[in-house]
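Presented below is the structure to which this report refers.
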Amino acid sequence: MDATCNTETAASAALLRPSRWLLLYEEFVTKNASSVSQVESALRSLTYIIPGRYRDSEISSECVHSGVQLLSLYHNALVSRVVSRLPPTIPRPIPTPHTRYTKYWTSRSSIYHKVALALQMVQYTELLWEMIARRRGEKIRWRVVIFIEAIKAVCRLLLLRLTKSRPLVTPPLPERDIDPRSLDKVDSDWNGMQTPVSERSSDLSWTMPRTGLSLPSLPEVNDVSHFLISKVLTADDIKAPKALLHRVTGHGQLAEVLYILRPVVYAIALQKYSEDRHSWRPWLVGFGLEYVCRQLAKSDFRERVAGGLRGLTGLEREELRKRGWAMGWWAMRGAFYTNLTRPWLRNLTGKMKGKLLLDLVGSVIDDYEYLWDNYYFSSATL
């Protein structure tokens, strides 16, 4: 009787241990990765419509948003760790160039992983820190903004050095692109010697007489083209991960360093002219630096890469495209926003009032106008 009681007590104590709960949580996340992603997306969407709607709601909504982002970062690492432990015999989807490149550096260099993780965490919480600092006054707020931009610049310079002068990618860590549950399903099918659903045929099957095991049938005739296309490899697929980005030298390296330092310079200029929000000087400095960096980078690629811009890898073209779209956010910054964008938005939302559905869109724009008016990181992209 005593032994039974001791066993039950030990089992209860084991369940109450934090490590036990953590293991149960990790198991739940890996078995329900797709559902967890949907919940994360729903929470992010909720935080997008809260800012400005209630008094002091921006800090509470940003706390939720930052918490979800940090939790998502942990989930990404957890899913990646589980997938890496699966047997090599289990077929996996072809990873994206971004995933191959970032996984290579995170597995090769522990310093890269730590620096990239720190950079992501700062980016996910930067607006929250600015909101908290703003309550202490504008001087404190601008000091915090410049300090955060300086930390991010140092992290990016370290990543540039660790990757041996290869341009930065966004984000610097691998993203979640595999559901472990789908891989486990494939594994159980093959362990049971069952043919996957996509390759089953009700009429064609052959059982080996000696072992009694069934061989997987060929794909259906209608699925042959899809099957062959899925097996085609591109030039980027056979390249080494570190070869997915060319090293930058000369003008290209100067462009990358200036691109990294641009937010710090822009924040300092904004602080200097904070009393005159209509001044174009900070905006011209920041936009001019980013435009020069982009042109220098393109010029360097044309000179060094065989084929010029056409010879860029898929990952390089993707990163250039991201940076090009990010330049559109200059319409929401500094004097451009104060003198041009904000009056246009107010005129637009004024026309939407009283109209079905459009009134809802206009109210959301009005809510976000408060963030764009008062917070630097609300329109930051780097």
Side-chain angles (χ1 to χ4, degrees), residues 97-98 101-102 104-105 112 115-116 119 122-123 145-146 148-172 235-236 239 241-273 279-337 376-377 379-382:
H98 176 272
Y101 180 81
T102 50
Y104 170 80
W105 286 109
Y112 176 96
V115 172
L119 176 60
V122 171
Q123 285 184 293
V145 167
I146 294 173
I148 290 175
E149 288 291 14
I151 290 176
K152 293 194 297 183
V154 170
C155 289
R156 292 191 176 98
L157 289 173
L158 287 174
L159 294 179
L160 183 66
R161 178 65 181 273
L162 291 170
T163 57
K164 300 180 180 176
S165 299
R166 288 179 173 83
L168 304 180
V169 294
T170 307
D236 288 349
K239 285 183 178 179
K242 65 178 181 180
L244 294 173
L245 287 181
H246 292 90
R247 295 177 62 181
V248 291
T249 57
H251 294 304
Q253 189 170 24
L254 175 62
E256 196 65 18
V257 172
L258 287 177
Y259 182 77
I260 292 171
L261 296 177
R262 188 268 307 163
V264 182
V265 176
Y266 177 59
I268 293 175
L270 280 177
Q271 182 193 33
K272 183 177 180 180
Y273 294 94
S279 175
W280 282 89
R281 292 181 182 179
W283 191 91
L284 290 174
V285 169
F287 180 81
L289 269 177
E290 188 159 347
Y291 180 79
V292 168
C293 293
R294 186 171 178 81
Q295 296 307 311
L296 281 175
K298 286 185 175 181
S299 175
D300 182 63
F301 282 136
R302 290 192 188 99
E303 294 176 1
R304 293 191 307 104
V305 179
L309 295 179
R310 293 184 178 180
L312 296 180
T313 65
L315 183 57
E316 287 171 328
R317 288 194 295 270
E318 179 186 357
E319 188 60 30
L320 275 177
R321 185 164 54 251
K322 285 182 180 179
R323 295 186 183 187
W325 280 107
M327 290 188 70
W329 277 98
W330 281 105
M332 307 302 296
R333 297 177 187 148
F336 196 104
Y337 171 77
Y376 166 87
F377 286 117
S379 59
T381 57
L382 187 65

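When reading the values below, keep in mind they use all heavy atoms of this one structure, side chains included, and skip hydrogens, waters and symmetry mates.
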### Task
Any chance you could measure Thr381, atom OG1, to Met332, atom CE, to the nearest 0.5 Å?
12.5 Å
### Summary
CG of Leu309 to CG of Leu320, rounded to nearest 0.5 Å, is 7.5 Å
### Query
Between the main-chain N or O of Leu270 and the side-chain N or O of Trp283, is there a donor-acceptor pair closer than 3.5 Å?
no
### Task
For side chain to side chain contact (heavy atoms under 4.5 Å, CB included), just list the numbers for Leu162 and Trp105, CA-CA rounded to whole Å, side-chain angles, deciding distance to a tenth of an Å, and then say yes or no.
CA-CA 9 Å; Leu162 291 170; Trp105 286 109; 5.8 Å; no
### Summary
The side chain to side chain contact (heavy atoms under 4.5 Å, CB included) partners of Val265 (sequence neighbours excluded) come to Val285, Leu289
## Note on the structure
Nearest heavy-atom contact between Thr102 and Pro171 is CG2-O, 4.0 Å
### Task
Assess whether side chain to side chain contact (heavy atoms under 4.5 Å, CB included) is satisfied between Tyr273 and Trp280, documenting all intermediate values.
CA-CA 9 Å; Tyr273 294 94; Trp280 282 89; over 6 Å; no
### Query
Below 4.5 Å, heavy atoms only, C-beta onward: do Leu158 and Tyr112 meet side chain to side chain?
no
### Query
Just how far is it from atom CG of Leu315 to atom NZ of Lys239, taken to the nearest 0.5 Å?
10.5 Å
### Query
How would you list, by chain and number, every residue that makes a side chain to side chain contact (heavy atoms under 4.5 Å, CB included) with Pro263, sequence neighbours excluded?
Glu149, Tyr376, Leu382
### Query
Is there side-chain contact between Val122 and Cys155, with at least one heavy-atom pair below 4.5 Å?
no
### Query
Distance-only, no hydrogens or angles: does the Ser379 side chain make a donor-acceptor pair with backbone N or O of Trp329 under 3.5 Å?
no
### Partner set under side chain to side chain contact (heavy atoms under 4.5 Å, CB included) for Gln295, not counting sequence neighbours
Tyr291
### Task
First locate atom CG of Leu296, then atom CG of Leu254, and finally report the distance between them rounded to the nearest 0.5 Å.
6.0 Å
### Lys322, NZ atom: more than 12 neighbouring heavy atoms under 6.0 Å
yes
#### Entry: Stepwise side-chain hydrogen bond (donor to acceptor under 3.5 Å, both in side chains) check, Glu316 with His246
CA-CA 8 Å; Glu316 287 171 328; His246 292 90; 2.8 Å; yes
#### Entry: Distance-minimising heavy-atom pair for Tyr101 and Pro167
OH-O, 4.3 Å
### Message
Show every salt bridge (charged side-chain N to carboxylate O under 4.0 Å, His left out) that has at least one partner inside residues 291-300, sequence neighbours left out.
### Response
Asp300-Arg304
### Within residues 156-167 or reaching into it, pairs that qualify as side chain to side chain donor-acceptor pair (under 3.5 Å) - sequence neighbours excluded
Ser165-Gln253
### Task
Measure the spacing between OG1 of Thr170 and CD of Glu318 and express it to the nearest 0.5 Å.
9.5 Å
### Task
Check whether any side-chain heavy atom of Leu159 sits under 4.5 Å from a side-chain heavy atom of Pro172, and report yes or no.
yes
### Query
Mind checking whether Gln271 and Pro282 have side chains closer than 4.5 Å, heavy atoms only?
no
### Query
Measuring from Leu157:CG to Ile260:CD1, what's the distance to the nearest 0.5 Å?
4.5 Å
### Message
Please give me the minimum heavy-atom distance between Val264 and Ala153, naming the atom from each residue.
### Response
CG2-CB, 3.8 Å
### Query
Which pairs count as salt bridge (charged side-chain N to carboxylate O under 4.0 Å, His left out) when at least one residue sits in residues 242-266, sequence neighbours excluded?
Glu256-Arg323, Arg262-Glu290
